[in-house]
**Q** 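Please find one structure pasted underneath; my questions will follow.
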Amino acid sequence: MKNLKTLMAATAITAIGSGVASAETWDMPMAYAATNFHSEVGANFGKCVTEGTSGNLEIVTHPSGSLFPGNEIKRAVQTGQANIGERLLSAHQNENPLYGVDSIPFLVSSFDEHEKLWEIAGPKVAEVLAEDNLHYLYSVPWPPQGFYFNKEINSVADMEGIKFRSYSTATARMAELTKMLPVQVEAAELSQALATGVAESFISSGATGYDRKVWEHLSHFYEVDAWLPRNAVFVNMDAWNGLDDATKAVMEECAAKAKKEGLARSKEYTQFTLNGLKEGGMAVQRAGDALVEELKAIGATMTEEWLANAGETGKAIIDSYQSAN
Ligand code: PCA
């Protein structure tokens, strides 16, 4: 009997020491195509955690919105329907302006500037996520955002009345201010929205246009480098608190690797996908000066609106970014 008790105690200690109390599988919903770099980095992250915990915590990714559509992922993780997930933060700017700190037009236009902004803003966004019952793990920027159209566009007046696919509060507002007609569509549904005429234009990276083969429907891509939005990976806070320290450490280590890999992959994918759009037959060019000036004026309005909504914390982030740069 004594031996059995000793054996049971030893087994329990082994189980705790090696990660979670018993082997678990966590499903990780993701919104974008399996071949997109965010999804590949997420899959590598999952593998890293699975291997790092010797299979005690297996993370299985589900790309393309196959487990939950993009616009449901955050809520699903908050409520514990999924323990972990990835989501475009700025799609939730309506819940808290800080989720849209990466979508202030023309505040940053390169990866380097964007990373500097994120060094300042990231910890604040992590606090907001924690208020939403989410533990922030890592995030990765999309390449700079430009405009897709089915005709040549030289001014904001040329945009009037065009049906515009939006993915966030900022993109919908951009449409309103350019007198386009916004319709919110997830990237997974983008090809269909273009094919059926629900949308005839949008703002995004070369990456999303390439992933969705938009040259089948659209003819022009204008580089404007309006902003670089981020996808974030987060864990349900109760699930996170239920992990032991060793498992948490593995997750944080894998997250740090994923953040680095993601940034490098995003940079590489930028030119690769712009070339891909050209090969598909699209005209890929920088927007003309007149158009850029008009868009910057709209950007200034959006910046004022964001600052008015984001209060002291928002102002402190922008002031701190601008004084450092
Ligand atoms: N692609 C995502 C968000 C930003 C981007 O470049 C999308 O269009 O949904």
Side-chain angles (χ1 to χ4, degrees), residues 88 90-91 93-94 97 100 102-110 113-114 142-187 189-210 212-229 270 273-274 277-278 280-309 318:
L88 178 73
S90 54
Q93 189 181 333
N94 57 332
D102 60 15
S103 305
I104 300 171
F106 307 112
L107 176 65
V108 305
S109 54
S110 69
E113 288 174 2
H114 172 81
W142 286 92
Q145 306 290 290
F147 283 97
Y148 289 87
F149 289 103
N150 59 9
K151 60 175 184 182
E152 188 181 317
I153 295 283
N154 295 309
S155 67
V156 166
D158 290 346
M159 299 179 181
E160 189 167 347
I162 292 177
K163 286 182 263 174
F164 182 84
R165 172 262 176 173
S166 64
Y167 63 68
S168 65
T169 309
T171 53
R173 186 70 183 128
M174 182 72 104
E176 282 167 7
L177 291 169
T178 51
K179 298 203 172 67
M180 293 194 278
L181 309 170
V183 51
Q184 180 100 11
V185 177
E186 288 297 318
E189 315 295 335
L190 180 57
S191 307
Q192 204 187 343
L194 295 171
T196 55
V198 166
E200 11 175 46
S201 68
F202 62 103
I203 186 169
S204 194
S205 55
T208 292
Y210 177 83
R212 308 271 45 124
K213 297 191 174 60
V214 299
W215 52 85
E216 290 173 2
H217 311 287
L218 302 179
S219 52
H220 288 71
F221 180 72
Y222 292 99
E223 294 169 62
V224 296
D225 301 341
W227 60 75
L228 294 84
T270 303
T273 53
L274 292 180
L277 296 178
K278 273 186 212 155
M282 293 186 77
V284 176
Q285 61 213 287
R286 295 213 69 84
D289 291 345
L291 176 57
V292 169
E293 281 315 303
E294 289 181 301
L295 291 173
K296 287 203 164 153
I298 286 170
T301 304
M302 290 174 63
T303 305
E304 275 169 33
E305 291 173 350
W306 187 85
L307 282 167
N309 284 329
I318 304 309

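Below, each value reflects all heavy atoms present in this structure, side chains not excepted, and no hydrogens, waters or symmetry copies.
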**Q** Treating Trp227 as the side-chain partner and Leu107 as the backbone partner, does any N or O pair qualify as donor plus acceptor under 3.5 Å?
**A** no

**Q** Between Ser168 and Ser90, which heavy-atom pair has the shortest distance, and what is it?
**A**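 Looking at all heavy atoms of both residues, the closest pair is CB-O, 3.4 Å.
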
**Q** Enter the distance from Ser219:OG to Leu277:CG here, rounded to the nearest 0.5 Å.
**A** 11.5 Å

**Q** Is the closest side-chain heavy-atom distance between Phe147 and Ile203 below 4.5 Å?
**A**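 In contact.
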
**Q** Between Thr171 and Arg165, does the side-chain contact (heavy atoms from CB on, under 4.5 Å) criterion hold? Intermediate values first, please.
**A** CA-CA 8 Å; Thr171 53; Arg165 172 262 176 173; over 6 Å; no

**Q** Do Arg286 and Asp225 have side-chain heavy atoms sitting under 4.5 Å apart?
**A** yes

**Q** Starting at OG of Ser166, measure out to CZ of Arg173 and round the result to the nearest 0.5 Å.
**A** 13.0 Å

**Q** Hey, what do you get for CG (Leu218) to CE (Met282), rounding to the nearest 0.5 Å?
**A**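 It is 5.5 Å, given to the nearest 0.5 Å.
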
**Q** Nearest 0.5 Å please: distance from the CZ atom of Phe164 over to the CD atom of Glu200.
**A** 11.5 Å

**Q** Can we say Glu293 and Lys296 salt-bridge, meaning some charged N sits less than 4.0 Å from an Asp/Glu carboxylate O?
**A**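 No, no charged N to carboxylate O under 4.0 Å.
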
**Q** Strictly distance-based, threshold 3.5 Å: is any side-chain N or O of Ser103 a donor or acceptor partner for the main-chain N or O of Pro229?
**A**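 No.
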
**Q** So, do Val198 and Lys163 sit near enough that their side-chain heavy atoms are less than 4.5 Å apart?
**A** no

**Q** Test side-chain contact (heavy atoms from CB on, under 4.5 Å) on Ile162 and Leu181; report intermediate values, then the result.
**A** CA-CA 6 Å; Ile162 292 177; Leu181 309 170; over 6 Å; no

**Q** Identify the heavy atoms of His220 and Gln285 that sit nearest to each other, and give their distance.
**A**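 In terms of heavy atoms, the two residues are closest at CD2-NE2, 3.7 Å.
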
**Q** Heavy atoms, side chains only, cut-off 4.5 Å: are Thr208 and Trp142 in contact?
**A** yes

**Q** Taking the side chain as C-beta and beyond, is there a heavy-atom pair between Leu295 and Thr178 under 4.5 Å?
**A** yes

**Q** Which heavy atom of Leu291 sits nearest to which heavy atom of Val156, and what is that distance?
**A** CD1-N, 3.8 Å

**Q** What verdict does the side-chain contact (heavy atoms from CB on, under 4.5 Å) test give for Glu216 and Leu194, after you've listed the backbone C-alpha separation in whole Å, the side-chain angles of each residue and the deciding distance to 0.1 Å?
**A** CA-CA 9 Å; Glu216 290 173 2; Leu194 295 171; over 6 Å; no

**Q** Between CH2 of Trp306 and OG1 of Thr301, what distance do you get to the nearest 0.5 Å?
**A**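 Trp306 atom CH2 to Thr301 atom OG1 measures 16.0 Å (nearest 0.5 Å).
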
**Q** If you measure from CE on Met302 to CD on Glu176, what distance do you get to the nearest 0.5 Å?
**A** 9.5 Å

**Q** For a 4.5 angstrom cut-off between non-hydrogen side-chain atoms, does Ile153 reach Lys151?
**A**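 Heavy-atom side-chain distance check passes, below 4.5 Å.
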
**Q** Please report the C-alpha distance between Tyr210 and Ser205 in whole Å, then the side-chain angles of each, then the deciding distance to 0.1 Å, and finally whether the side-chain contact (heavy atoms from CB on, under 4.5 Å) criterion is met.
**A** CA-CA 9 Å; Tyr210 177 83; Ser205 55; over 6 Å; no

**Q** State, yes or no, whether a side-chain contact exists between Asp102 and His114 at a heavy-atom distance under 4.5 Å.
**A**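 Touching, per the 4.5 Å side-chain cut-off.
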
**Q** State, yes or no, whether a side-chain contact exists between Ile104 and Ile318 at a heavy-atom distance under 4.5 Å.
**A** yes

**Q** Give the minimum heavy-atom separation between Ala199 and Val183, together with the two atoms involved.
**A** CB-CG1, 4.3 Å

**Q** Would you say Gln93's side chain and Thr169's backbone share a donor-acceptor pair under 3.5 angstrom?
**A**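 No; judged by distance alone, with no hydrogens or angles, the pair does not exist.
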
**Q** In this structure, is the centre-to-centre distance between the rings of Tyr148 and Phe202 below 6.0 Å?
**A**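 Ring centres of Tyr148 and Phe202 closer than 6.0 Å.
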
**Q** Counting only N and O atoms by type, is there a donor-acceptor contact under 3.5 Å from the side chain of Glu189 to the main-chain atoms of Val185?
**A**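 The answer is no, because no donor-acceptor pair under 3.5 Å joins these two groups.
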
